[in-house]
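Hydrogens, waters and symmetry mates are skipped; everything else that's a heavy atom, side chains included, is used. In listed order, ligands and their atoms are each counted from 1.
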Amino acid sequence: MTALIEMTVVDTDLGAATDWDGVIVVFVGADQKLDACACKVNTLTRKAVDRAVQSDAFDALPDGGALRLAYPAGVAANAVIIVKLDRKPEQASARKAGATLALEKGPHPLLVMAGNLGGMDDVALGLILRDYAYSDHKTAAPKARGPATLMMSKPDTLDLQGLRAVAEGVFFTRDLINAPANDLTTTSFADRLAELQTLGLKVEVLEEAKLEKLGMGALLCVGQGSASPSKVVVMQWNGGGDEAPFALVGKGVVFDTGGISIKPAGGMEDMTMDMGGAGVVSGVMKTLAMRKAKANVVGLVGIVENMPSDRAVRPGDVVTSMKGDTIEVINTDAEGRLVLADVLWYAQDRFKPAAMINLATLTGAMIIALGHENAGVFSNSDELSVAFLKSAGAEGEGAWRLPMAPAYDKLINSRIADMKNTGGRPAGSITAAQFLGRFVADELPWAHLDIAGVASVKGATALAPAGATGWGVMALNRLILDNYEA
Ligand code: BES
Ligand code: MN
Ligand code: ZN
């Protein structure tokens, strides 16, 4: 489990700059004006701050970028970092400034002299989120991480607990998505979710016998070739009144070989992230519990492994879903929709939710359409999709709506069953969404988020190193906060 950086907030004490044993941070806007904190450090360092701020290098910095003065005279600190940031910064710039600090601080205690800088919650969040490294499988001791002390004129205005709740959810999601499949098996995944009970979540693990009784033939056929048992985990957060819950549903394929329709070897190792949808649902539930959200939210994840074996489902097999509809399995690599079909149906059947969003690394076609910048949003509700796009935009998480329409349905009609599980190459992400839509009641506001391109990426992003991003935790947390809480 990756721990958050230790962070404390204290009152401004300019005198502390003289003897700080670590790294000192001050903020200067594009106007080059020094606030009281920067002035103090400037005086101590015999105007080194002034010189830096007047330089071409400072001029060329993007908002949120920084200059580093190493071993400056006049202070005990081994470096002074000058961050370029306006006193009332844009959210993205403030988060970027925090991320810059995470990358610049090294192992040393950080003294962030913010004074009356606006946007400190975003600076702090950027710092916390970018200070992440997945080291569960490194034998070397993890790098030392010094704590951060935020020095502010109004320390009480920073809701550190709230920020930590969000970041803990994001880190939980990233840890799950980064984990290899021999570490995160179906069983260990369920065990990790059961641990969330200590936060006040109600967690149930439905085992195969129960899933069979429920008639989840679509979900079960995906895992039947694997030695790891399939599971559905139900997480309930009841922080609201007696209103119907908001439902989150996630695809949790701990590894997707493609099954009998096996994938090519190149890049197959990336399919450890095919539980990304379930990972995001789990992270959101953790955040809701940690911040004691005043909402009723239920998170359901279908956890399976898609393996080829003598018992595996075959192309051409027909399975019966919990809903009762039959599905011809054309391609065993289109497994996510089979898992979701049953979990979506179960979620509606049992919880009668007010609205429902599912997340899944569902189609490679999503990456062809939107790359790694935006997740695909598919919905039967203008209201819900607009609300989600707004939340995602507010958190800087890319999302773009794509169409759904009955005309696409003919692509997944089957000759021998009620439907088939693939529609061929045209509009591959849309036909997958249409398939899911067949398992959602028309009147229920529902959205499907295809996160194949954004759940895990090859290079670092603004707030995460290469690998799992945690995309969606903040957007969904905000959606719930802004729309489903009293
Ligand atoms: N898990 C994959 C989709 C995926 C691909 C996610 C790349 C992340 C990165 C999914 O189960 C899958 O294999 N989809 C197939 C569907 C096809 C057989 C209709 C695909 O996209 O090729
Ligand atoms: Mn697949
Ligand atoms: Zn998959």
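Listed by number with element, the atoms of ligand 1 under 4.0 Å from a non-hydrogen atom of Lys251 are 1 (N), 10 (C), 11 (O). Under a 4.0 Å criterion applied to the non-hydrogen atoms of Ile367, ligand 1 contributes the atoms 7 (C), 9 (C). Residue-ligand proximity, Ala452 to ligand 1, at heavy-atom distances under 4.0 Å covers atoms 6 (C), 8 (C). Atoms of ligand 1 lying under 4.0 Å from any heavy atom of Gly364, numbered from 1 in the order shown and given with element: 3 (C), 4 (C), 5 (C), 20 (C), 21 (O). Counting the atoms of ligand 1 from 1 in the order shown, those under 4.0 Å from a heavy atom of Thr363 are 3 (C), 21 (O). Ligand 1 places these atoms under 4.0 Å from at least one heavy atom of Glu335: 11 (O).
At a threshold of 4.0 Å, the pair Asp270-Lys263 does not count as salt-bridged, since none of the basic side-chain nitrogens sits closer than that to a carboxylate oxygen. Using a cut-off of 4.0 Å between Lys/Arg side-chain N and Asp/Glu carboxylate O, Arg192 and Asp183 are scored as salt-bridged. A salt bridge between Arg145 and Asp131 is present, with a side-chain N of the basic residue lying under 4.0 Å from a carboxylate O of the acidic one. A salt bridge does not link Asp342 with Lys323: every distance from a Lys NZ or Arg NE/NH1/NH2 to an Asp or Glu carboxylate oxygen is 4.0 Å or more. Using a 4.0 Å cut-off between charged side-chain N and carboxylate O, Arg95 and Glu395 make a salt bridge. Salt-bridge check for Lys251 with Glu335: passed, with a basic side-chain N closer than 4.0 Å to an acidic carboxylate O. No salt bridge links Glu485 with Lys294; every basic N to acidic carboxylate O contact stays at or beyond 4.0 Å. Note on Asp382 versus Arg401: salt bridge recorded, some NZ/NE/NH1/NH2 to OD/OE distance being below 4.0 Å. Salt bridge present: Asp409 and Arg438 bring a charged side-chain N and a carboxylate O closer than 4.0 Å. Contact check on Lys352 versus Glu243 returns no salt bridge, with no Lys/Arg side-chain nitrogen under 4.0 Å from an Asp/Glu carboxylate oxygen.
Among protein heavy atoms, atom 2 (C) of ligand 1 sits closest to Asp256 OD2, 3.6 Å. Taking atom 1 (N) of ligand 1 as the reference point, the nearest protein heavy-atom neighbour is Asp274 OD1, 2.8 Å. Nearest protein neighbour of atom 7 (C) of ligand 1, counting heavy atoms only, is Met271 CE, 3.6 Å. For atom 15 (C) of ligand 1, the closest heavy atom belonging to the protein is Asp333 O, 3.9 Å. The nearest protein atom to atom 10 (C) of ligand 1, hydrogens excluded, is given as Leu362 O, 3.3 Å; this is a heavy-atom distance. When only non-hydrogen protein atoms are considered, atom 17 (C) of ligand 1 lies nearest to Ala334 CB, 4.4 Å. Closest protein heavy atom to atom 16 (C) of ligand 1: Arg337 NH2, 3.9 Å.
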Run the side chain to side chain contact (heavy atoms under 4.5 Å, CB included) check on Glu208 and Lys213 step by step: do they pass?
-> CA-CA 9 Å; Glu208 273 182 2; Lys213 227 181 244 153; over 6 Å; no
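In terms of distance to the Mn ion (ligand 2), the nearest N, O or S atom of Glu335 is named OE1. Sorting the N, O or S atoms of Asp256 by how far they are from the Mn ion (ligand 2) puts OD2 first. Checked against the Zn ion (ligand 3), the N, O or S atom of Asp256 at the shortest distance is OD2. For the Zn ion (ligand 3), the nearest N, O or S atom contributed by Glu335 is named OE2.
Distances from atom 19 (C) of ligand 1 to the heavy atoms of Asn331, Thr431, Thr422 show the closest one on Thr422.
For Arg425, no heavy-atom contact with ligand 1 is shorter than 4.0 Å. Contacts with ligand 1 closer than 4.0 Å are made by no heavy atom of Met366, backbone or side chain.
With no hydrogens or angles considered, no side-chain donor-acceptor pair links Thr320 and Thr326 at under 3.5 Å.
Per-atom contact check: atom 22 (O) of ligand 1 does not touch the protein, criterion being a heavy-atom distance below 4.0 Å.
To the nearest 10 degrees, the angle centred on the Zn ion (ligand 3) between NZ in Lys251 and OD2 in Asp274 reads 100°.
Atom CD of Glu6 has 12 or fewer heavy atoms from other residues, nucleotides or ligands within 6.0 Å.
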